Structure formats: structure tokens, C-alpha cells
Amino acid sequence: MTSIANTASLRPESMNKGAVGRRFGRAAASYDAHAGLQLSCARSLLAMGPEQLPGATAVDLGCATAPLARQQRARWPEARWLAVDLSPAMLAEARERGRTGPDYRPLCADAEHLPLADAGVALVFSSFALQWCDPARVSRELARVLMPGGSLLLAVPLAGSLWEMSESWAAADGRPRVNRLPAESDWRRALEGAGLAIQRHQRLGITEHYPDVKTLVRAFKATGVDHVQGGATGLTGKSAWRAMAAAYEARRETAGLPLSWDVLFVDATRIP
């Protein structure tokens with residue numbers, strides 16, 4: 001996610017992962033009902049996957065409540081999955097919904113420090129999770145755990161996403177309300193530098209529409225993406241709120257208030 005123009009950049013490597021995990025944990029129960037965009041992107045990513053895997057172990061990295069567990073198991077029925085997430089509450093919600101089990105085991109871990117052996121994973125699937133990470137660091141970790149010929153399926157929002165919210169808050173109080181995201185070039189450089197060969201990639205602009213600012217912000221809170229490292233984490237101050245809402249209303253379209261995403265989809269392979 002992008003930072004507002006007149007504030008200091010918030011670098012992914014400075015992220016407080018504990019705070020991120022707690023924020024997403026508080027959103028666990030409401031996540032599925034409001035994560036339509038995330039789920040749509042995950043389904044598109046699934047369709048990019050290889051027909052066969054070179055091994056038995058697959059990882060859903062940043063799985064949240066594991067909403068794609070059934071489809072993933074159906075796509076690769078021989079695979080044994082690890083459902084990895086930073087938030088214990090998200091994994092608990094996945095278990096409550098019957099999505100984890102012997103062939104889809106939960107694992108609470110940080111994507112940049114996976115408790116997995118070298119070269120033992122045939123597939124890493126990650127949708128809308130690694131934007132919290134440093135691209136170079138997490139790419140090295142993915143390359144470490146993937147076996148030669150193993151696949152990475154990655155979907156991440158890019159710099160430029162959520163610009164309407166960023167600029168509306170900039171007009172209101174100049175405080176950072178949206179985190180900075182890496183650009184496509186950052187991801188391509190990091191993946192290739194780690195020894196991951198990009199087979200296919202696609203960049204897609206997606207615009208959601210909301211009836212009003214309150215509904216938009218409620219959806220943010222319900223999916224946990226309202227955490228801002230080093231900046232304001234709540235929508236406080238009536239005057240600032242009114243100023244932001246007025247600035248956002250000026251952007252209203254026929255379909256409602258727009259919220260834009262720039263999403264990168266990548267199919268990459270670990271170079272032997």
C-alpha cells in the first residue's frame with residue numbers, strides 16, 4: 001500500500017510483524033465476509049498453477065482463514081499442505097471453519113523466517129500476504145525452501161494501490177494512514193536475484209466501489225489491512241474525519257466511492 005505523498009516513507013523492512021499479526025487476528029472472524037477482492041485474486045492465482053508438482057509438500061503462505069483450502073486440495077490432490085500465517089487467530093478461525101486437518105496443517109510463522117528445511121517444498125502459494133515483507137529478504141527465504149523446479153505462485157498489491165484513500169487523508173491531516181508498498185520492479189529484481197525464474201506475470205488494475213466512506217473503512221478494519229506501521233492506526237478526530245470524507249466524496253463515481261488496487265501476479269520456478 002502506498003504512503004501519502006507528504007509523509008516519510010514506511011519501508012516494509014521496518015514492519016512490526018507482531019503488530020501486523022495482532023491487527024489481522026482481530027479481523028479473523030470478519031475476514032471472509034469482507035475479503036472479496038483478496039479471494040478473487042487468490043482464485044485467479046490458483047488458475048496459473050502447474051498441472052503437476054515435483055514433490056508432495058505445498059505451502060499456503062499467509063493463508064489467513066484458508067478460504068481456498070478445498071480448491072487447492074482438489075487442484076493438487078497428492079499434495080500435503082502447510083497453512084502458514086503470522087496470526088494464530090486466523091489459523092484458529094480456519095480450524096473452526098473446518099479447513100485445516102491432516103493434509104492441510106496449520107503453522108504459525110513469519111514468511112521471512114520459515115521453520116522449514118532447505119529445498120523441501122514443491123509449491124509456495126501466496127496471495128495478498130507478502131506486501132508486509134521486504135521483497136529481497138522474503139524472496140531469498142522462498143528460494144531456500146523451494147526444491148529445484150518448485151513453483152512460486154504470488155499475488156501482491158503494488159505501489160500506487162489505494163491512492164484515493166492516501167490523497168484524501170493527505171488533504172485532511174497529512175498523517176500516514178496507508179502503508180508504502182514495493183513496486184513491480186522491486187519484486188522482479190528480488191525474485192530473480194534469489195534464483196527464481198519468472199515464467200509468467202500479469203499486472204492488473206482493480207477498482208472497488210463503496211457507497212460511503214464509513215462502509216469503505218469498515219471493510220478495511222474487517223480484513224485487518226488498516227494497520228499502519230509508525231503512523232495513525234485509527235480514524236480519530238472528528239475534524240480530520242470530516243475533511244477526509246469530504247475529500248473522498250469529491251472522487252465519487254456513478255458506481256460509488258472508488259478504491260483502486262494495482263496487483264501483480266507471478267508464476268516463478270526455482271532454478272535448479
Side-chain angles (χ1 to χ4, degrees), residues 1 12 15 17 20-21 24 31 35 37-50 53 55 57-69 71-73 75-76 79 81-87 90-91 94 99-100 104-116 120-147 150-158 161 181-182 184 186-188 190-192 194-204 223-225 261-270:
M1 289 168 267
M15 281 289 173
K17 296 293 186 65
V20 172
F24 275 87
Y31 183 85
L37 173 72
Q38 289 87 336
L39 187 55
S40 176
C41 288
R43 288 187 179 124
S44 296
L45 187 65
L46 187 64
M48 295 175 64
L53 302 180
T57 301
V59 174
D60 187 347
L61 187 55
C63 64
T65 63
L68 251 68
Q71 295 98 311
Q72 289 166 329
R73 286 182 294 199
R75 180 70 186 273
W76 296 287
W81 285 83
L82 291 173
V84 180
D85 202 88
L86 188 64
S87 167
M90 283 288 188
L91 295 174
R99 294 167 178 167
T100 57
Y104 208 94
R105 295 186 292 114
L107 174 63
C108 188
D110 182 347
E112 293 180 354
H113 305 281
L114 293 170
L116 301 175
V121 175
L123 170 68
V124 174
F125 179 99
S126 186
S127 181
F128 268 65
L130 300 190
Q131 63 268 26
W132 303 104
C133 299
D134 171 61
R137 188 178 301 136
V138 76
S139 294
R140 289 193 297 270
E141 185 68 347
L142 297 178
R144 181 186 70 80
V145 302
L146 278 169
M147 61 180 56
S151 294
L152 168 66
L153 296 176
L154 174 67
V156 284
L158 298 172
S161 295
L181 282 183
E184 178 181 354
D186 296 323
W187 281 110
R188 290 175 64 87
L191 294 170
E192 292 168 350
L196 296 166
I198 297 173
Q199 306 299 320
R200 289 181 294 168
H201 71 280
Q202 181 181 9
R203 187 166 170 174
L204 186 62
T223 53
V225 298
W261 299 85
D262 189 4
V263 184
L264 176 66
F265 297 84
V266 173
D267 170 15
T269 302
R270 178 69 171 97

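Because the structure is predicted, anything quoted here is derived from the model rather than measured.
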With sequence neighbours left out, the residues meeting side chain to side chain donor-acceptor pair (under 3.5 Å) with Arg188 are His201

Could you work out, with side chain to side chain donor-acceptor pair (under 3.5 Å) as the rule, every residue matching Arg75, not counting sequence neighbours?
none

Carefully, step by step, assess Leu116 and Leu82 under the rule side-chain contact (heavy atoms from CB on, under 4.5 Å).
CA-CA 10 Å; Leu116 301 175; Leu82 291 173; 3.6 Å; yes

Between [X] and [Y] (side chain of the first, backbone of the second, donor and acceptor by atom type, cut-off under 3.5 Å), is there such a pair?
| X | Y | answer |
| --- | --- | --- |
| Arg270 | Val121 | no |
| Ser126 | Leu154 | no |
| Gln131 | Ala129 | yes |
| Asp262 | Ser161 | no |
| Arg43 | Leu68 | no |
| Arg203 | Leu264 | no |
| Glu141 | Leu114 | yes |

Is any side-chain heavy atom of [X] less than 4.5 Å from a side-chain heavy atom of [Y]?
| X | Y | answer |
| --- | --- | --- |
| Leu123 | Leu153 | yes |
| Phe128 | Leu39 | no |
| Val266 | Trp187 | no |
| Val263 | Leu37 | no |

Could you tell me the separation between the [atom1] atom of [X] and the [atom2] atom of [Y], rounded to the nearest 0.5 Å?
| X | Y | atom1 | atom2 | answer |
| --- | --- | --- | --- | --- |
| Cys41 | Phe265 | SG | CZ | 4.0 Å |
| Thr57 | Leu146 | OG1 | CG | 11.0 Å |
| Arg140 | Leu191 | CZ | CG | 12.0 Å |
| Leu91 | Leu107 | CG | CG | 8.0 Å |
| Leu196 | Ser151 | CG | OG | 10.0 Å |
| Asp60 | Ser127 | CG | OG | 8.5 Å |

Aromatic ring pairing Trp76/Trp81, orientation class (parallel under 30°, perpendicular over 60°, tilted between):
tilted

For Leu61 and Leu142, run side-chain contact (heavy atoms from CB on, under 4.5 Å): C-alpha distance rounded to whole Å, both residues' side-chain angles, the deciding distance at 0.1 Å, then the answer.
CA-CA 10 Å; Leu61 187 55; Leu142 297 178; 3.6 Å; yes

Would you name the heavy atoms of [X] and [Y] that are closest together and state the gap between them?
| X | Y | answer |
| --- | --- | --- |
| Gln71 | Leu46 | CB-CD2, 3.7 Å |
| Ala111 | Val138 | O-CG2, 3.8 Å |
| Thr100 | Pro106 | CB-CD, 3.9 Å |
| Arg99 | Tyr104 | O-CD2, 3.6 Å |
| Ala194 | Ala143 | O-CB, 3.2 Å |

